[in-house]
Amino acid sequence: MSENFPEHKIELKKNEEILLSVDDMGKDGEGIAHWDGYTFFIKGALPGERVRARVIKLRKKFGYARLMEVLEPSPDRVTPLCGCASPCGGCSLQHLSYEGQLRYKEKKVRDCLTRIGGVDLSKVEWLPILGMDAAPWHYRNKAQFPVRADRAGNPVTGFFAGGSHRLIETKQCPIQHPDINDTVDAVMEFLQEYHIPAYEEETHRGLVRHIYVRRAFHTEQVMVCLVVNGTSLPHADALIARLQKLKGMTSILLNYNTEKTNVILGPSMELLWGEPYIEDCIGGIRYRISPQSFYQVNPLQTEKLYKTALEFADLQGNETVWDLYCGIGTISLFLAQGVPDGRVIGVEIVPEAIENGKANAAQNQMENVSFYCGAAEDVVANLVEERTAAGEQVQSLADVVVVDPPRKGCDGKLLDTIARMAPEKIVYVSCDPATLARDLKYLCGEGYELKRIRACDMFGHSSHVETCVKLVKKIINAKK
Ligand code: SAH
């Protein structure tokens, strides 16, 4: 067979088919193969596989090829449960066994830390990745489904085909909790029955943009938020009557987003029915969650992640601990239990999340936690300036600093301030190992030593991975 396909240097052209041996996986879970000086990225191919692929894009040194046929499958290959897994792109690893996914994620963290972070892993305690105990289906507690019109003009929902705004219609998402799928179904029935127009991106007309649903795992409370390009929803009473009957329904909201933007939520919310928030429990602590607030999407894994962060912080009971990028204060309250004679200071940019954080501390009777709203890089720098101006030593302001930034990692100014505060320990919780590695390189250059690492699978079937690391301040020889 192989004689029909080029394997060595000839002029490659677009649409040509070649045989490739896949030897690695890229950051988005795509297969990587090397072919006569070229690196090819092949979505859906796995390491160890021999595949037939069609060249779809060629650059000088690398190209993209479409998987046409798997000639020799990997022992890790499985059949995806969801028919939409390939075009959707959200679950870029559904064709890989769960054990294979966990191995891929650990390798991704290891590769980033060594290549970008320059970390010598032989000197670090590497704890095995925290995988899910059961197969990772129906685990997500949050969905944001776009609504668009089909050819006949009827509202439909589904997902955008990877990297585009072309809606692929689907009813069920197997990584969402079934109550979320049922809620989306009920909203869609309402939209179709009452002929509520779907949003049209090209003309910026139509009304309903997204259906946003959240479900609290432990309390089973459900929140629905309809994002509209307008300031009201016709027949809202009929929607409320329908949704009220669903299991766990607690909160029904409208969000107004009249901007031409990819950002899902607009600036204002209206409560249509119920409470303006839902509540959930993690590790015995009850949390209030507003729609604008960040909340981890995988409830069972979240508890494992937070326990790891707490273990890495190794609190003695009287420390001052900072929780930066704290959201609704989930990690802050976990930490607060560990410092009955100390205190926790949480910093977060979203005002609604800080409101939740304060209410959460109060309703759990935790008096040793305080919160500041603002960009962590500014708030912490300003607090340090104020306190040092008042005569405090910069090194006495923090014993432990926990950071949990979004994918872009920590702001450089913040890292600089943390290095000046020189806490004994830093616990870094990260959802992107590449920016984690970049930030670790900086902190290690500022006198910190990387001690422990543990990855955690928060996003089964996707290529994303969460990581928790512990850094400690190096003891400097005083005589030097
Ligand atoms: N630790 C929390 C939140 C982590 S997600 C939890 O586990 O739930 C990251 C959080 O950082 C989000 O809540 C986001 O709103 C917030 N954020 C983003 N940029 C920020 C900044 N510059 N300063 C402070 N918080 C920020």
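In listed order, ligands and their atoms are each counted from 1. Since the structure is predicted, the reported quantities are computational estimates derived from the model, not experimental observations. Only heavy atoms go into these numbers, but all of them, side chains included; no hydrogens, no water, no symmetry mates.
- Applying the 4.0 Å criterion to heavy atoms of Q296 picks out, from ligand 1, the atoms 6 (C), 7 (O).
- At a 4.0 Å cut-off, not a single heavy atom of D411 sits close enough to ligand 1 to count as contact.
- Between H204 and Y199, the ring center distance clears the sub-6.0 Å criterion.
- If you check the side chains of Y287 and T330, you find no donor sitting under 3.5 Å from an acceptor.
- Ligand 1 has no N or O atom lying under 3.5 Å from any N or O atom of F294, backbone or side chain.
- Residue D404 has at least one nitrogen or oxygen atom sitting less than 3.5 Å from a nitrogen or oxygen atom of ligand 1, judged on distance alone.
- Of the protein's non-hydrogen atoms, the one nearest atom 23 (N) of ligand 1 is A376 N, 2.8 Å.
- Closest protein heavy atom to atom 25 (N) of ligand 1: I349 N, 3.2 Å.
- The aromatic rings of H165 and F160 lie parallel to each other, their planes meeting at an angle below 30°, with 60° marking the opposite boundary.
- A donor-acceptor distance shorter than 3.5 angstrom exists from the side chain of H138 to the backbone of Q176, with no hydrogens or angles considered.
- When only non-hydrogen protein atoms are considered, atom 26 (C) of ligand 1 lies nearest to Y325 CD2, 3.4 Å.
- Residue E466 forms a side-chain contact (heavy atoms from CB on, under 4.5 Å) with just one option from K105, K304, Q296, Q301, and that option is Q296.
- Using a 4.0 angstrom heavy-atom cutoff, S293 does not count as in contact with ligand 1.
- The contact set between ligand 1 and G374, taken as ligand atoms under 4.0 Å from a residue heavy atom, comprises 23 (N), 24 (C).
- In this structure, atom 15 (O) of ligand 1 lies nearest to the protein heavy atom E348 OE2, 2.7 Å.
- Ligand 1 has no N or O atom lying under 3.5 Å from any N or O atom of A375, backbone or side chain.
- Two residues are said to be in side-chain contact when any heavy atoms from C-beta on lie closer than 4.5 Å; S462 and C91 fail this criterion.
- Here the heavy atom of the protein found nearest to atom 22 (N) of ligand 1 is E377 OE1, 3.1 Å.
- Minimum interatomic distance between V119 and T114 (heavy atoms only, all atoms of both residues): O-CG2, 3.5 Å.
- Distances below 4.0 Å separate heavy atoms of Y306 from the following atoms of ligand 1: 6 (C), 7 (O), 8 (O).
- Atoms of ligand 1 lying under 4.0 Å from at least one heavy atom of V350, given by number and element, are 15 (O).
- Contact annotation for T330 and ligand 1: only side-chain heavy atoms (C-beta onward) come within less than 4.0 Å of the ligand.
- Between the side chain of N360 and the main chain of I328, a donor-acceptor pair closer than 3.5 Å is present.
- Stacking of R454 on the aromatic ring of W126 is not recorded, the 6.0 Å distance cut-off and the 45° axial limit not both being met.
- By heavy-atom distance, the residue among C410, P406, S332, C326 lying nearest atom 18 (C) of ligand 1 is P406.
- Checked by atom type and distance alone, the side chain of D182 never pairs as donor or acceptor with a backbone atom of V184 at under 3.5 Å.
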